[in-house]
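Down below is the structure, laid out as structure tokens.
Numbers here are sequence positions counted from 1.
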Amino acid sequence: MAERTISELAQAGGVGVETIRYYQRRGLLGIPERTVGQGRAGGIRRYGAQDVRRLRFIRAGQAAGFTLEQIGELLALDATDDRGRVRELAKTRIAALDVQIAGLQQARASLDRLARECGRGAAGPCPILLAFDREG
């Protein structure tokens, strides 16, 4: 894969240039040296295939719900053989997802019950609107 500019790296990872810079400030992505040269080719930072791979890893980790701190740890663990710690991070994330899923299921059940009550009533305010008003 050819070397890329920061905007090309951002496009390959589906993020903005400022996101790349943010990841660099957080230490998740490296900052390559500027190229030496004259004209358009001089003074530009170039990113390689490894940078694209790392950026995609970060994005996949975020999609799985890992924090940037956890993603940084996962990236560091990638260079080791500490599978136990990686497994521990994954299990912790799974437990957090289970809590979120349970909360969503509870919210769904409550909304389903309110929708049924709303469909049965002919007069007065809808139970859904009343429930939302109480919570506000």
Side-chain angles (χ1 to χ4, degrees):
M1 186 176 287
E3 290 189 336
R4 302 167 186 256
T5 64
I6 193 169
S7 63
E8 292 167 337
L9 174 65
Q11 185 176 17
V15 299
V17 170
E18 286 306 313
T19 301
I20 300 291
R21 291 187 177 122
Y22 178 72
Y23 292 160
Q24 289 172 329
R25 286 191 302 273
R26 296 289 303 259
L28 298 172
L29 285 173
I31 303 173
E33 295 294 322
R34 293 187 183 275
T35 59
V36 178
Q38 297 293 325
R40 293 176 53 103
I44 297 175
R45 298 183 196 279
R46 296 290 179 175
Y47 299 84
Q50 185 65 19
D51 297 305
V52 174
R53 178 186 164 277
R54 193 170 179 104
L55 177 57
R56 288 181 178 158
F57 181 93
I58 293 166
R59 299 294 292 154
Q62 286 181 306
F66 286 102
T67 66
L68 290 179
E69 289 78 19
Q70 291 169 327
I71 292 168
E73 186 175 355
L74 288 169
L75 285 166
L77 289 168
D78 189 37
T80 71
D81 61 354
D82 189 355
R83 289 182 175 204
R85 179 62 184 145
V86 174
R87 191 172 45 257
E88 181 182 324
L89 285 169
K91 285 183 177 185
T92 299
R93 185 62 201 132
I94 290 167
L97 286 170
D98 288 342
V99 169
Q100 286 180 301
I101 290 168
L104 288 171
Q105 287 173 332
Q106 182 179 3
R108 185 190 186 289
S110 294
L111 190 55
D112 185 52
R113 180 183 49 78
L114 289 169
R116 280 183 277 126
E117 288 176 17
C118 186
R120 284 193 289 248
C126 174
I128 296 172
L129 301 177
L130 289 174
F132 288 168
D133 189 41
R134 277 194 307 260
E135 292 180 20

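Residue pairs satisfying the salt bridge (charged side-chain N to carboxylate O under 4.0 Å, His left out) criterion with at least one member in residues 61-79, sequence neighbours excluded, are listed as follows: Arg26-Glu69, Arg53-Asp78, Glu73-Arg85. A salt bridge (charged side-chain N to carboxylate O under 4.0 Å, His left out) check over residues 94-108, counting only residues at least two apart or in different chains, returns nothing. Residue pairs meeting the salt bridge (charged side-chain N to carboxylate O under 4.0 Å, His left out) criterion with at least one member in residues 9-18, sequence neighbours excluded, are Glu18-Arg21.
Annotation: side-chain contact (heavy atoms from CB on, under 4.5 Å) contacts of Leu97 (sequence neighbours excluded): Arg93, Gln100. Under the rule for a side-chain hydrogen bond (donor to acceptor under 3.5 Å, both in side chains), Gln11 has no partner lying at least two apart in sequence or in another chain. In this view, Asp112 and Arg116 satisfy the salt bridge (charged side-chain N to carboxylate O under 4.0 Å, His left out) rule, not counting sequence neighbours. Here Ser7 pairs with Thr5 under the side-chain hydrogen bond (donor to acceptor under 3.5 Å, both in side chains) rule; sequence neighbours left out. Checked against side-chain contact (heavy atoms from CB on, under 4.5 Å), Val86 has the following partners two or more places apart in sequence or in another chain: Leu74, Leu77. Residues that satisfy the side-chain contact (heavy atoms from CB on, under 4.5 Å) test with Arg83, not counting sequence neighbours, are Arg87.
Distance alone, capped at 3.5 Å, is enough to place a donor-acceptor pair between the Thr92 side chain and the Glu88 backbone.
The distance from atom CD1 of Ile44 to atom CD of Glu3, rounded to the nearest 0.5 Å, is 11.0 Å. Interatomic distance, Ile58 CD1 to Leu29 CG, rounded to the nearest 0.5 Å: 4.0 Å. Summarising the geometry, atom CZ belonging to Arg54 is positioned 11.0 Å from atom CD1 belonging to Ile71; distances are rounded to the nearest 0.5 Å.
The closest side-chain heavy-atom distance from Tyr23 to Leu68 is below 4.5 Å. Side-chain contact check for Arg45 versus Pro32: some heavy-atom pair is nearer than 4.5 Å. Taking the side chain as every heavy atom from C-beta outward, Val52 and Tyr47 never approach each other to under 4.5 Å.
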